[in-house]
Amino acid sequence: MTKLHFFLIFTHTNKTILKYEQVKTLRKELIHLFENTHVKNRDEHKQLINIINGFTGLYKFITIYDFHKKKFVFHHGVTQNTGYENQEFTVETLNNAEGIKPHIIHPTDIEHKLRYDLVMYKLLAEGVKIASLADSYEIVMRIVLKSGDIKSVRRQTYIFETDDNGTPMTQLDVWEVLKDINPYVKVRLNYSGKGVTKRFYQINRELLKFQITQRQIEIIKLRQQRFDNKQIAEKLNVSPKTIENHIRSLKLKIQDFYNQKNIDEKIQNMNDIIHFIKTYGIFSFTANCN
């Protein structure tokens, strides 16, 4: 895989200072990488080129994280959008590390954010390559601005460099502050390869130690679409009693999951099941593969 070498960026107060020649070289290398990868949507390709060149648009900011140095080596627009100075926006504050302040990710969302990142890195270790605008990892989560206000952000991640084991080395993140606040951490893979989305949710469930059958996934999806048990039974060519047994079994699984985590939640109806599915990303209600 093409290797990119990023330059050390010095910070002074809240401004990032780069020598102009370094800026040009960085842009050239990034653009070269994307122009030499398969991108289906040329408009998206042009959009990223504009982002690389600094036209980020309102409510967007950019970070580049270097896994060698274990720190962000580039910030653009962080202060304007979050209120944090560049030196405050670190991987420790972003991951709510113990003893480190401020904590940028909403405390309710941090567990899910870290788990989804781990799922993504496990996919990379299995050989999945995310190296173009068509191949990115998107996560929506809440952050706490320095003012104390809560905002949802969409973070699109592009992995530029991995080692021979698929471990990430360099990562570009494009962040967008959203107008609406979403109570759930949501993920999406923009990837053209087959089976990747399915594997993503499988790994997520493995980390959670929670198993669900494909039939149960089908039933819950249909229930969310307002079909009753009788209608679902007709669609799946089984008896209504079978549908009830699947739902009862799933309720017990979820309740056991909560009990093991000492979470004071009771699974009483379908809304409780759907809330659990969305909270932990057990499967996607929109993706075809789960």
Side-chain angles (χ1 to χ4, degrees), residues 1-19 22-23 25-27 29-30 33 51-52 56 60-79 81-107 109-131 135-139 141-146 153-176 185 187 203-204 207:
M1 181 176 181
T2 303
K3 300 292 185 180
L4 291 183
H5 302 284
F6 292 96
F7 301 96
L8 182 62
I9 297 172
F10 300 94
T11 58
H12 176 67
T13 64
N14 66 337
K15 295 182 179 179
T16 301
I17 301 173
L18 269 174
K19 291 182 179 179
Q22 292 178 330
V23 175
T25 303
L26 174 61
R27 289 175 178 170
E29 289 185 331
L30 289 173
L33 175 64
I51 289 172
I52 292 169
T56 56
K60 288 186 179 179
F61 58 101
I62 296 175
T63 58
I64 294 177
Y65 183 73
D66 188 311
F67 287 84
H68 282 299
K69 299 182 175 70
K70 297 183 179 179
K71 67 177 182 179
F72 291 104
V73 294
F74 181 77
H75 300 83
H76 179 85
V78 168
T79 303
N81 284 283
T82 69
Y84 297 106
E85 303 293 337
N86 287 341
Q87 61 268 26
E88 294 177 299
F89 197 91
T90 67
V91 69
E92 289 81 14
T93 62
L94 195 61
N95 288 339
N96 293 8
E98 186 176 353
I100 301 294
K101 292 188 177 182
H103 286 172
I104 293 176
I105 303 298
H106 191 283
D109 292 355
I110 185 62
E111 172 195 347
H112 307 295
K113 181 264 184 189
L114 291 173
R115 188 179 70 257
Y116 288 135
D117 283 351
L118 180 57
V119 173
M120 194 66 247
Y121 298 153
K122 283 181 174 291
L123 271 179
L124 292 169
E126 291 181 3
V128 173
K129 291 181 173 58
I130 296 184
D135 299 337
S136 65
Y137 158 50
E138 181 180 299
I139 180 169
M141 56 193 167
R142 290 170 292 181
I143 65 171
V144 182
L145 305 184
K146 194 168 184 180
V153 294
R154 180 186 293 112
R155 187 195 73 182
Q156 288 182 288
T157 295
Y158 305 93
I159 304 294
F160 286 106
E161 185 182 9
T162 60
D163 63 16
D164 293 337
N165 296 319
T167 303
M169 306 297 281
T170 311
Q171 172 177 314
L172 168 72
D173 289 309
V174 179
W175 307 72
E176 180 180 7
V185 177
V187 294
I203 295 174
N204 184 51
L207 291 174

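Numbers for residues simply follow the sequence, beginning at 1.
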(request) Please list, chain by chain and in numerical order, all residues satisfying side chain to side chain contact (heavy atoms under 4.5 Å, CB included) with His103, sequence neighbours excluded. (result) Asn96
(message) In the structure I gave you, are the side-chain heavy atoms of His75 and Phe61 within less than 4.5 Å of one another anywhere?
(response) no
(message) So, applying side chain to side chain contact (heavy atoms under 4.5 Å, CB included) with Ile105, which one of Val144, Val185, Ile143 is it?
(response) Ile143
(request) Look up atom CG in Leu94 and atom OG1 in Thr63, then write down how far apart they are to the nearest 0.5 Å. (result) 7.5 Å
(request) Please report the closest heavy-atom contact between Leu207 and Arg115, naming both atoms and the distance. (result) CD1-CG, 3.9 Å
(request) Rounded to the nearest 0.5 Å, what's the gap from CD1 on Ile104 to OG1 on Thr90? Could you check? (result) 6.5 Å
(request) Would you please test Thr82 and Lys146 for side chain to side chain contact (heavy atoms under 4.5 Å, CB included) and show each step? (result) CA-CA 6 Å; Thr82 69; Lys146 194 168 184 180; over 6 Å; no
(message) Tell me whether Asp173 contacts the main-chain N or O of Arg155 through its side chain, where contact means a donor paired with an acceptor under 3.5 Å.
(response) no
(request) First locate atom NZ of Lys71, then atom OH of Tyr65, and finally report the distance between them rounded to the nearest 0.5 Å. (result) 10.5 Å
(message) So, using side chain to side chain contact (heavy atoms under 4.5 Å, CB included) as the criterion, who are the partners of Ile100 when residues are at least two apart?
(response) Glu92, Thr93, Ala97
(request) Mark yes or no for whether Asn81, through its side chain, and Lys60, through its backbone, hold a donor-acceptor pair below 3.5 Å. (result) yes
(message) Let me confirm one number: the NZ-CG distance from Lys122 to Leu124, rounded to the nearest 0.5 Å.
(response) 12.0 Å
(message) Rounded at 0.5 Å granularity, tell me how far CD1 in Ile139 sits from CZ in Arg154.
(response) 12.0 Å
(request) Describe, in one word, how the ring planes of Phe89 and Phe72 are oriented to each other, choosing from parallel (under 30°), tilted (30 to 60°) and perpendicular (over 60°). (result) tilted
(request) With sequence neighbours excluded, tell me which residues meet ring pair (Phe, Tyr, Trp, His ring centres under 6.0 Å) with Tyr84. (result) none
(request) Could you grab the distance from atom CD1 of Ile110 to atom CG of Asn95, nearest 0.5 Å is fine? (result) 5.0 Å
